[in-house]
Enquirer: 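Right, I'll just put the structure down here and ask away after.
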Number of protein chains: 2
Amino acid sequence: MAKVSTMTVARVLREPGKVAEETRSRVEAVLRRTGYTPDLVARSLAISRTGVVAVLVPHLGHSSFTDTIQGMSDVLAEDGNHILVGATGFSLEKEEALVRAFLSRRVDAMFLTGTTHAPGTVAALAGAGIPVVEGNNLPDRPIGLVVGFSNEAAARAATEHLIARGYRAIAHVGLHERNNDRMRDRHRGYAAALRAARLRIRPEWSIATDLTIDAGAAAMARLLAGDPRPRAVFCASDVLAMGALQECNRRGVRVPDDVAIAGFDDLEFASQLLPALTTIRVPRYQIGRDAGLLIRDALAGRKIARRVLDLGFELVVRGST
Amino acid sequence: MAKVSTMTVARVLREPGKVAEETRSRVEAVLRRTGYTPDLVARSLAISRTGVVAVLVPHLGHSSFTDTIQGMSDVLAEDGNHILVGATGFSLEKEEALVRAFLSRRVDAMFLTGTTHAPGTVAALAGAGIPVVEGNNLPDRPIGLVVGFSNEAAARAATEHLIARGYRAIAHVGLHERNNDRMRDRHRGYAAALRAARLRIRPEWSIATDLTIDAGAAAMARLLAGDPRPRAVFCASDVLAMGALQECNRRGVRVPDDVAIAGFDDLEFASQLLPALTTIRVPRYQIGRDAGLLIRDALAGRKIARRVLDLGFELVVRGST
DNA sequence: TTTCCTTATGTGACCGCATACATTAGCAAG
DNA sequence: CTTGCTAATGTATGCGGTCACATAAGGAAA
């Protein structure tokens, strides 16, 4: 329509400086008039880069995961990169299926939550030759890049805090640990702290349940009904901790006088509970940002100074302990 | 490598029945050995369908939005479709930029949160000719398909409940309403209920703030400091309501005896607060599922029976009122 | 004037797959 | 033995861009 070849149009779009003023404005007029939208699919095929990054999380709808997505989105969007999300539902098989599907979609990089993956997942990723970031934990044998913190050390710090406060009868409420390295490591950190203090580890004081407030409440109810009762409870998630805390509040069990409660994650509501929740603050959003920055550098071919970023954690002591 | 043409390989992948047993196994062996991954980018270009749906939400990290994404993901994943997410940050300009970018990526369909969009957004979508679903509210003039509920009616129901409980001095705490039709309509519903009951609407009892628990607490503090004090507060989000409620709890203001509080959304924690929060339950996850189903039908070329799905809401009366 | 750059634009091949059609071989029916 | 059909495979072309290179026009330097 502008009586130029497709190449000239392409140049108007990507390197306008190399096109003569006159032709350019002519082409631009046509582009505007026709509402032309460049086809990134074709472009992707041609340059073998899609500008899409895959992000796999266990579940959308928990801000512990989606805050990370937001962080990555914020960074990647700056360069016009976008995010393909997948929810694995804590299943390694689903994760593998999603990884294969996303590789077929030729994503430029991939973010995985956690460090436990099916062998096929790892193999597929290795064959793809794209940057891979594992987040939220520190793997023994990383696939590629890592942005996380030590769940074990954090849980241990929380438990040691309880011990330092004088509690000796300390229970643990966490999630099912099958395929969930974060929760497994938190449980380990708890156990390590008890062992180091030569405190008794009672199996009936370790409860694995679902990631809901209700489940936390039910777990606390079970602990309170037990004999002996624990004097403190470390919950491997603030979600559980809220349930536990409110269950105490409902029953008139005083926190922390009768039972102390510590959580994990420092979700928004933690500081607003009564009493405010002692917890472990983790850099969810920052993990996303840093993962995004790592990916950006890797895709730009820049040298990656540190392939494993330990962003640490912070024990936030509040009224519940 | 299997001494066949690319076409035969393609057939092995998509219609194995049409390939002779012997050749097929020979090809399959090579596929497995080489770890071949079909290129969906090329496929997309050839068939001009990507199997990707764009989902725009104001913010990742609020389950009110991400639950919907999860619902859509669950449905779409069944057919191997995937989701490209975008966070608009409540900005119409960002939304428009994302819409254009996603159209360039040739997404098969698009989900938008809310019904307020920039003119350029609407125009671009109209030109694209793909299914568009607006969610979370009922638009006056829909772009295409709609899955939502009436925010105005819901807010009105909540406010009428307060009135029926005997409260006459009712305040409103919501979000900034610029570009946010959901919040605007909730505010309208509140006002409509007051007007219908011939109750006074005091401007100083309508607070617009940020979507954080802290902000809800601050708003409540302001209301409590005012003279006269409201006897009930309708919060346009449970996030705000939690802040308001806990602020009362901290100050020893009794809920609902001194001040009643109603929220909106029925987030997970609502039923676990003390007292439990009266709120409006909205079908977040179901909106995602139904949007996914509508999109699936539209893409399959099936006739869409109803282009506007009003999924309704439910007033959940609990202890806070 | 000729030569050589520079600037502006065009050409053709290719990215990996799908579509429509062509080709080949094998076999039953006439 | 043809003819005609079916089953199995191949060929050519296009999707909408990009890349490397070719070409044309104009001006400066020799």
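In what follows, every chain begins at residue 1, and chains take the letters A, B, ... in the order their sequences are listed. Just so it is clear, the structure is predicted and the values come from calculations on it, not from any experiment.
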Enquirer: Determine, stepwise, if the pair B:E177 / B:R186 fulfils salt bridge (charged side-chain N to carboxylate O under 4.0 Å, His left out).
Expert: CA-CA 10 Å; B:E177 289 164 28; B:R186 290 178 195 181; over 6 Å; no
Enquirer: Given atom CZ of A:R49 and atom P of D:dC19, what is their separation to the nearest angstrom?
Expert: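 The distance from CZ of A:R49 to P of D:dC19 comes to 11 Å, rounded to the nearest Å.
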Enquirer: Please tell me which of the listed nucleotides, C:dG10, D:dG10, C:dC17, lies nearest to the side chain of B:R11?
Expert: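 Ranking C:dG10, D:dG10, C:dC17 by closest atom to the B:R11 side chain puts D:dG10 first.
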Enquirer: Whole Å only: how far is the CZ atom of A:R26 from the C1' atom of C:dT9?
Expert: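 After rounding, the gap between these two atoms is 11 Å.
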Enquirer: C:dT9 phosphate, OP1 or OP2: any side-chain N/O from A:T23 under 4.0 angstrom?
Expert: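 It does, given that an N or O in the side chain of A:T23 lies less than 4.0 Å from OP1 or OP2 of C:dT9.
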Enquirer: Can you tell me the distance, in whole Å, between the CG atom of B:L40 and the P atom of C:dG16?
Expert: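 The distance from CG of B:L40 to P of C:dG16 comes to 14 Å, rounded to the nearest Å.
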Enquirer: Rounded off to whole Å, could you give me the CE-to-C1' distance for the A:M7 and C:dT9 pair?
Expert: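 After rounding, the reported distance stands at 10 Å.
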Enquirer: For the base of D:dG17, is there a side-chain donor-acceptor partner from A:R14 under 3.5 Å away?
Expert: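 Checked by distance alone, the answer is no.
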Enquirer: In whole Å, I'd like the distance from the CG atom of A:D39 to the C1' atom of D:dG14.
Expert: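 Rounded to the whole Å, the gap is 13 Å.
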Enquirer: Between A:F65 and A:H59 (judged by ring centroids, cut-off 6.0 Å), do the two rings come close enough to count as a pair?
Expert: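 Centroid separation for A:F65 and A:H59: 6.0 Å or greater.
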Enquirer: Rounded to the nearest angstrom, tell me the gap between atom CD in A:E15 and atom C1' in C:dT7.
Expert: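 So the CD-C1' distance, A:E15 to C:dT7, works out to 13 Å.
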Enquirer: Rounded off to whole Å, could you give me the CZ-to-C1' distance for the A:R24 and C:dT7 pair?
Expert: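 Roughly 14 Å, once rounded to whole Å.
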Enquirer: For B:L45 and C:dT19, give me the distance from atom CG to atom C1', rounded to whole Å.
Expert: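 Between C1' of C:dT19 and CG of B:L45: 13 Å.
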Enquirer: Measure the shortest side-chain to side-chain distance between A:V133 and A:V146 over non-hydrogen atoms and say whether it is less than 4.5 angstrom.
Expert: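 The answer is no, as the side chains (C-beta and beyond) never meet within the 4.5 Å cut-off.
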Enquirer: Let me know, please, whether A:I47 or B:T8 comes out on the 5' side of the other along DNA chain D by nearest nucleotide.
Expert: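 Residue closer to the 5' terminus by nearest nucleotide: B:T8.
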Enquirer: Taking the nucleotide of DNA chain D with the closest heavy atom to each, which residue, B:E21 or A:A10, is nearer the 5' end?
Expert: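 Checking each residue's closest nucleotide, the 5'-ward one belongs to B:E21.
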Enquirer: Quick check: do A:P58 and A:R182 have side-chain heavy atoms less than 4.5 Å from each other?
Expert: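 They are in contact (side-chain heavy atoms under 4.5 Å apart), so the answer is yes.
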Enquirer: Just call it for B:V41: base, sugar-phosphate, or nothing, with non-hydrogen atoms closer than 4.0 Å on any strand.
Expert: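 Counting heavy atoms under 4.0 Å across all strands, no contact is made by B:V41.
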Enquirer: Does the side chain of A:D185 pick up a donor-acceptor pair with the side chain of A:N137 at under 3.5 Å?
Expert: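 Side chains of A:D185 and A:N137: pair found under 3.5 Å.
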